[in-house]
Protein chains: 2
Amino acid sequence: MTVTLADVAARAQVSPATVSRVLNGNYPVAASTRERVLRAVDELDYVLNGPASALAAATSDLVGILVDDIADPFFGVMAGAIQSEIGGPGGRAGGERLAVVCNTGGSPDRELTYLTLLQRQRAAAVVLTGGAVEDAAHQAAVAQKLRRLADAGTRVVLCGRPPAEDTPSVALTFDNRGGARELTQHLIGLGHRRLGYIAGPEERTTTRQRLEGHRAALATAGIAQDPGLVVHGRYDRRSGHEATLELLRRDPSLTAVVAANDSVALGACAALRQSGLRIPEDVSVAGFDDLPFSIDAVPSLTTVRLPLAEAGARAGRIATGREEPPPGAIAMVRGELMVRGSSAVPRG
Amino acid sequence: MTVTLADVAARAQVSPATVSRVLNGNYPVAASTRERVLRAVDELDYVLNGPASALAAATSDLVGILVDDIADPFFGVMAGAIQSEIGGPGGRAGGERLAVVCNTGGSPDRELTYLTLLQRQRAAAVVLTGGAVEDAAHQAAVAQKLRRLADAGTRVVLCGRPPAEDTPSVALTFDNRGGARELTQHLIGLGHRRLGYIAGPEERTTTRQRLEGHRAALATAGIAQDPGLVVHGRYDRRSGHEATLELLRRDPSLTAVVAANDSVALGACAALRQSGLRIPEDVSVAGFDDLPFSIDAVPSLTTVRLPLAEAGARAGRIATGREEPPPGAIAMVRGELMVRGSSAVPRG
DNA sequence: CTGTTAGCGCGTTCAC
DNA sequence: GTGAACGCGCTAACAG
């Protein structure tokens, strides 16, 4: 039925071992022999049997990328960068890696399931993106899985996620706290004193870190923390819309809304406008991430730029062993404050 | 080192075959035996070796999902739906499928590469999403790959893509033409006569079909086609922004802009506003797809709703054999015109 | 219902 | 530089 390595060997008049060597390019093979083999491969339209080769070699060329929400550009941009860095130079039968993204939908169970599936496939590497769920039991379960994965030779890279304790993984973590702090400082510097904050889902590292940064800035400026000015929601536009209406209900006098991310900020803008408020004249708005759409929103969004694509690319290279891990296996990726049209001095 | 099926068998005092049967659940096994085996699995923290099982069974549990742009919600929504329909009910060691998305970035070469990689893995199924590139050579190459895949027992499903000739695949194709036609008819019905059209990249089925629908509506209404009123671009927001400025330059008197999709439409809105034009008072705008953000854009976007999630879910079920393919292996998925705030009667 | 026996297709020692 | 032989871990017939 399907053509095997032995078929290629027969056609090229060599032994199966030689064909294997040519395909993997790990052993010296005479140029003429190699050519004959490659010709046979083409003529027979031969495709290596991945499972068989993974079984024999005890390692596969599959790389898994776990994301929370595939429909969110935050993850899309990172995943795309990781994948393009991993998918080899494109060539013939041997060599390529299969970089593959798995959508957990933010569910801890699915995260664990995917990790098991990847472990089952003897994945060459696994990249976990985005914040982690802050549940002790779940974190322990993930840490254990990652340890097993690492033991089996799978490279583990964290991209945009805080380092997991006791896990032999490389972590590229985002400075959410510092970025958020700087952002709120900017608004305070403009003169804002009543700032609403729309946080992400509770129990997530990203949510907590950004909120901490925000609060630190308020504290430093001596501004009292009003718990009523913090609303939790999801990381999407609709959530930002709803949360903003809620914030306005609680305090119609607020002059700025800081959102957990850019999507949320866009929802906030829509809600403010529908409430008859102008941006930034009446209310300033700020986001986080600096996703592609943020710069040409109307008005363009003040936010913190996270180098998602760069971090993803680096994670991809580390995952494939083409770049040395940072010292201590941890690197802090900093954000950059982008001041744009959506923030200004408060009214009155 | 790593624990194997034989270890589990020894611990549970049964033969390896029995363990295999328990894990796969395809054969009758006594309840007591099953329990003993499962306990041993847990105690040993055993994880099935995917490659070995794929090799022996001549089929794997991997399902590939090809998308053009992972950062675009159009694909994100479909991919998410497909994946959630494929990733089994979540359970123990056996049973699960690894649904995995591959980002081609719109590159024909990468599409082919991923297909080969999936073929190498002996994927159980492959789902191709979105429009196809209209290049004869590339289409032939893809068709051949799909044929080989199908020959090897891989189920091939097309979601949002026109059927490939001579390929034993199931196609869920979107009625881009009909939707676009209806949309433009709506604008014409409002009184618009000078409509700008921002098309997607050339040489793509989706682009062509939507443009055809638009033109058909114009022709039916007896409106002359002005080639200058059609601009091609990418399927993203920035492109819509640029294209709109170009359209305004070519004809400042246009009263409506029809965009290739919602992201492009949003870019168009931004450009119009920056040009001092109000929506819809001065210029109406329409999109396509009805992505989640479109309803709470300001103003909310008139568009054609494509049931992306439903189609994806169905594709996922067909790919896993849990739903019968439609008669003739082809189903046309229709869009629904959503008239919202961004379209109105033209000025003056 | 369960155990035994063969391979699945390839990578990798060894010899030559 | 090349071939022969073995085994990776599992599933799929067969028996019983």
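Every chain is numbered from 1, with letters handed out A, B, ... down the list of sequences. The figures that follow rest on heavy atoms only: side chains count, while hydrogens, waters and symmetry mates do not.
Distances shown here put every side-chain N or O of N26(A) at or beyond 4.0 Å from the OP1 or OP2 atom of dG11(C). Phosphate contact (OP1/OP2 of dT11(D), side-chain N/O of S20(B), threshold under 4.0 Å): present. The side chain of S15(B) places an N or O atom within less than 4.0 Å of a non-bridging phosphate oxygen (OP1 or OP2) of dG3(C). The shortest distance between the side-chain N/O atoms of T33(A) and the OP1/OP2 oxygens of dT2(D) is below 4.0 Å. Between N49(B) and the phosphate of dC8(D), there is no side-chain N or O to OP1/OP2 separation shorter than 4.0 Å.
Put simply, CG on L5(B) is 13 Å from C1' on dC8(D), counting in whole angstrom units. The nearest whole Å value for the distance from the CD atom in Q121(B) to the P atom in dG9(C) is 16 Å. At whole-Å resolution of the value, OH in Y27(A) and P in dC14(C) are 10 Å apart. Here dC10(D) presents its C1' atom at 17 Å from CZ of R122(B), a figure rounded to the nearest Å. Between R21(A) atom CZ and dT2(D) atom P there is a gap of 8 Å when expressed in whole angstrom units. In this entry the distance linking CG of L23(A) with C1' of dT12(C) reads 15 Å, nearest Å. The interatomic distance linking N24(B) (CG) with dC10(D) (C1') rounds to 9 Å, in whole Å.
For A56(A), the listed nucleotide lying nearest its side chain is dC8(D); candidates were dT12(C), dT4(C), dC8(D). Checked against dG9(C), dG3(C), dT11(D), the side chain of T18(B) finds its nearest nucleotide in dG3(C). Comparing atom distances between the A30(B) side chain and each of dT2(C), dG11(C), dG3(D) picks out dT2(C) as nearest.
The backbone N or O of R122(B) lies less than 3.5 Å from a partner atom in the side chain of S60(B), making a donor-acceptor pair.
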ask   = Yes or no on salt bridge (Lys or Arg N to Asp or Glu O under 4.0 Å) for R148(A) and D45(B), after CA distance, side-chain angles and deciding distance?
value = CA-CA 10 Å; R148(A) 296 242 190 291; D45(B) 207 11; 2.3 Å; yes

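Nearest-nucleotide assignment on DNA chain C puts the 5′-proximal partner with Q13(B), out of Q13(B) and P16(A).
Taking a cutoff of 4.0 Å between a charged side-chain nitrogen and a carboxylate oxygen, E85(A) and R322(A) qualify as a salt bridge. Classification of R161(A) and E111(A) as a salt-bridged pair holds, one side-chain N sitting under 4.0 Å from a carboxylate O.
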Under 3.5 Å, which donor-acceptor pairs do the side chains of residues 65-72 of chain B form with other protein atoms, sequence neighbours left out?
residue, atom, partner, partner atom, Å
D68(B), OD2, R204(B), NH2, 3.1
D69(B), OD1, A71(B), N, 3.0
D72(B), OD1, F74(B), N, 2.8

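Among the atoms of the strands shown, base atoms are found under 4.0 Å from some heavy atom of L55(A).
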